[in-house]
Amino acid sequence: MSLSPSSQMGFSGRPRVGLFVTCLVDLIRPRIGFAALALLEQAGCDVVVPEAQTCCGQPAFNSGASDHARALAKNLIKAFELFDYIVVPSGSCAGMIKLHYKELFKSEPAWRDRAIALAGRTYELLSFLTDVRSYTPAGVSLKAVATYHDSCSGLRELGIEKQPRQLLSNVQGLSLKPLAGHDVCCGFGGTFCVKYPSISNAIVEEKARDIESTGAELLLGGDLGCLMNMAGKLHRNGSKVRAYHAAEVIAGMADGPALGEETSF
Amino acid sequence: MTALETDFKPFKTRVEDALANRTLKVAIERTTGTARLKRAAAVSTWPNFAGARDLGRRIKDHVTSNLDHYLIEFERNAIASGAKVHWASTAEEACEIVVDICKAANAKSVTRSKSMLGEEIGLPLALEKAGITRVETDLAEHIVQLAGDKPSHIIWPALHRTREEVAELFRKHHHTPQNSDEIPAMVRSARRQLREAFLRADVGISGANFLIADSGAVCTVTNEGNAELTTTIPRVHIVTAGIEKLVPSLRHAMVLLRLLVRSATGADFTQYTTFHCGPKRPGDADGPEEFHIVLVDNGRTHMLGGDLNDMLRCLRCGACMNHCVVYRQIGGHAYGGTYPGPMGSVLTPELDGLAGSRDLVHACTLNGNCQQVCPVDIPLPTLLRGWREKSWNEGLEPRSVRRALWFWAFAARHPFLYRMATAVAVRVLRLFGEAGWVRSMPMAKGWTSHRDFPKPASRTFMEQYRAAQRRARK
Ligand code: SF4
């Protein structure tokens, strides 16, 4: 079986991108998926959202359930391996595919090769826009003061730090305030936050304090899981800070409801 | 409450106790916060930190993969220098050897300078059982001993005690108690107290930071000079050291020493860096008459070449715990093992068994900060994940977790079923929400007891996307 990317690129001159929206975006906040879709199209890509996508398998992988994780990884590889690129609006799921799939298939060489081939074409959304597509948002404005939290997997596994800031600096009227401990874990950790709720709470309590003390109105980030954790804590504490995925802001969708604000869309 | 009392409680109870203790939180933050700042400064002014880190890693890996060679070389050179070398394959054996040496020397009282290996093998308890008086000479260990505690950090064993608590302890236990809570006065008081012990001791016991193969020398580093007084005054000096402490030569030790000290405290170097090589020779001004080195395996050869091989690089610098969001909330005692923090969560299942330390390997967000600051690049998150896999495969995971993951994985392997299940799920979730948020939900207390959960949109992304596509086709 040929594992090479599709030849669509030669045909239309536009890369064919498979968008993996992630299970959390699918379930909780579809707006992020639509923001990603719009941004990728603006960045000159033909975007397909494969029907067969579900979850990358990270919760199983991090729980030690490698068999389950492998089954889900195979499902995802099959769904995406024929695209030029697979793009994910989450550093943590992108990191899973890019770095950990090959570990999962240590003893299945055929799948390992497919995983490695896919890993080379897998990108987190914001870094794909800047690093691969040299995309710069144009004509987007949002008058607001925001702060940015770097989610751990994106930051440490994929080295994403400058890219979201670069994109956000092109949103007119938006000013970014530095967040003390922007690179410190928010305490989400996937299933960690429900397995050890009181530790997770103590961590996110500190994070919420740091966010509040920036004086920003908006909290931005690149991973829905962490955003849900921080926004959920802020809301419980009665904070006025509103949270968006950075992609929503860059796509000009931040005039809509923030995370946790009543929405039917 | 002392650490010894917390030991027998389950992990989650220990965690709750720690979280409820606000002074503990303040104490942890004071020490680790300073350590983080100073380490960051030290690393940022080190022109080629990455290069040194890589070299350190390679030195340790080289030694681990040639351990037999260096062990034999070290033993040969140590014996040539006049030392007696003992081999202990287990913690019990190591304690027995130390106790026997003490008995042969007719020792009534021993001084000990800080050694995590000593804690690991249970030496304090073994000495106590043998009726030998033990005096801890490291200031923090002295505090721990007075309080009947266990160390809660591998660099600052008494980090969990505030200055006020220490003053109280000193007032109670010192011959000439100081009324002052001032640190210099407390230090003077401890010094007076310990001076006597130093002079009285028959045997001094220390650990080792490095065992130098080509000279048979043992290197210790301290900031208080207590190791020097522990090892030079008594008639007998015993070193207990893990076999992974070997380095080929002094040059290699220097590379690792810089990494160790800067990662631990951010200082350029420790106040005292001492090389002990053999007993007192004729004409020497001081030094012990007998010099014993106990080389301890205690599971290390089992780690060799296995999943935990990388862990043998560990320099015991403590940077991983200083930077760990979990350690910073719960402190060292909640971990329950000899070693706390990320490196402890990797080592404790190996030392004490996985069944009893299942929680440790899960109570981690896998955020990767520990590996990033580790001076020898130990992939701590990967090693913890390895333990989780083992725990899963050995059936140690709770039935509820297994079942939930099984269902999730089954659905996720069948996209059609998954689409239906998720479409139902968001509709059900929405029933619990009001004004955008779910404040409480059965089966999701872990989340909603502390934070609100954003109410999902009315339809999943996939439903909305498909509908949009249908509209576009029309
Ligand atoms: S694991 Fe690394 S950071 Fe942690 S104590 Fe060992 S050497 Fe230091």
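Note that the structure is a prediction, hence the values are computed from the model and not measured. Below, read A as the first sequence line, B as the second, and so on, with proteins coming before strands; counting in each chain starts at 1.
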Other residues, nucleotides and ligands only: do more than 12 of their heavy atoms fall within 6.0 Å of [atom1] on [X]?
X	atom1	result
A/D210	CG	yes
A/K195	NZ	yes
B/K38	NZ	no

For [X] versus [Y], what's the shortest heavy-atom pair and its separation?
X	Y	answer
A/G260	B/W437	O-NE1, 2.9 Å
B/P415	A/T54	CA-CG2, 4.1 Å
B/G446	A/P197	O-CB, 3.2 Å
B/M462	A/P50	CE-O, 3.4 Å
A/A202	B/Q329	CB-OE1, 3.4 Å
B/L405	A/A65	CD1-CB, 4.2 Å

So for [X], is it side chain, backbone, both, or neither that comes closer than 4.5 Å to the heavy atoms of chain A?
X	value
B/Y465	both
B/V325	both
B/F416	neither
B/K445	neither
B/W387	neither
B/L19	side chain
B/S391	neither

I need the residue from A/V184, A/I28, A/L155 with the largest number of non-hydrogen atom pairs under 4.5 Å to chain B.
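Highest number of heavy-atom pairs under 4.5 Å: A/I28.
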Looking at chain B, which one of A/C185, A/S92, A/G189 has the largest number of heavy-atom pairs inside 4.5 Å, strictly under?
A/C185
Does A/E206 pair with B/K25 as a salt bridge, N-O distance under 4.0 Å?
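Yes, this pair counts.
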Check ion pair A/D26-B/R419 (N to O, under 4.0 angstrom)
yes
CD/B/E389 to CZ/A/F61 distance, rounded to the nearest 0.5 angstrom?
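It is 7.5 Å, given to the nearest 0.5 Å.
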Rounded to the nearest 0.5 angstrom, the CG-OG1 distance for A/L27 and B/T460 is 7.5 Å
In terms of heavy-atom pairs under 4.5 Å with chain A, which of B/R385, B/E16, B/E434 leads?
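Answer, by heavy-atom pair count under 4.5 Å with chain A: B/R385.
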Against chain A, work out which of B/H323, B/R388, B/R328 has the most heavy-atom pairs shorter than 4.5 Å and name it.
B/R388
Heavy-atom distance under 4.5 Å between the side chains of [X] and [Y], does that happen here?
X	Y	value
A/Y196	B/K12	yes
A/I32	B/F461	no
A/C193	B/W447	yes

In terms of ring plane angle, is the pair A/H68 and B/W392 parallel, tilted or perpendicular, where the classes change at 30° and 60°?
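Aromatic pair A/H68/B/W392 classed perpendicular.
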Using non-hydrogen atoms and a limit below 4.5 Å, what part of residues 358-377 of chain B faces chain A?
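Answer by number: B/D359, B/H362, B/A363, B/C364, B/T365, B/L366, B/N367, B/G368, B/N369, B/Q372.
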Please state whether the side chain, the backbone, both or neither of [X] comes within less than 4.5 Å of a heavy atom of chain B.
X	answer
A/S63	both
A/T191	neither
A/C23	both
A/V21	side chain

Within the 3.5 Å criterion, strictly below it, is a donor on B/R451 or A/N201 matched to an acceptor on the partner's side chain?
no
Applying side-chain contact (heavy atoms from CB on, under 4.5 Å) to A/S198 and B/H450, what does each step give before you reach the verdict?
CA-CA 8 Å; A/S198 47; B/H450 298 293; 4.3 Å; yes
At under 4.5 Å between heavy atoms, what parts of residues 228-243 of chain A are in contact with chain B? List them by residue number.
A/M228, A/N229, A/A231, A/G232, A/K233, A/H235, A/R236
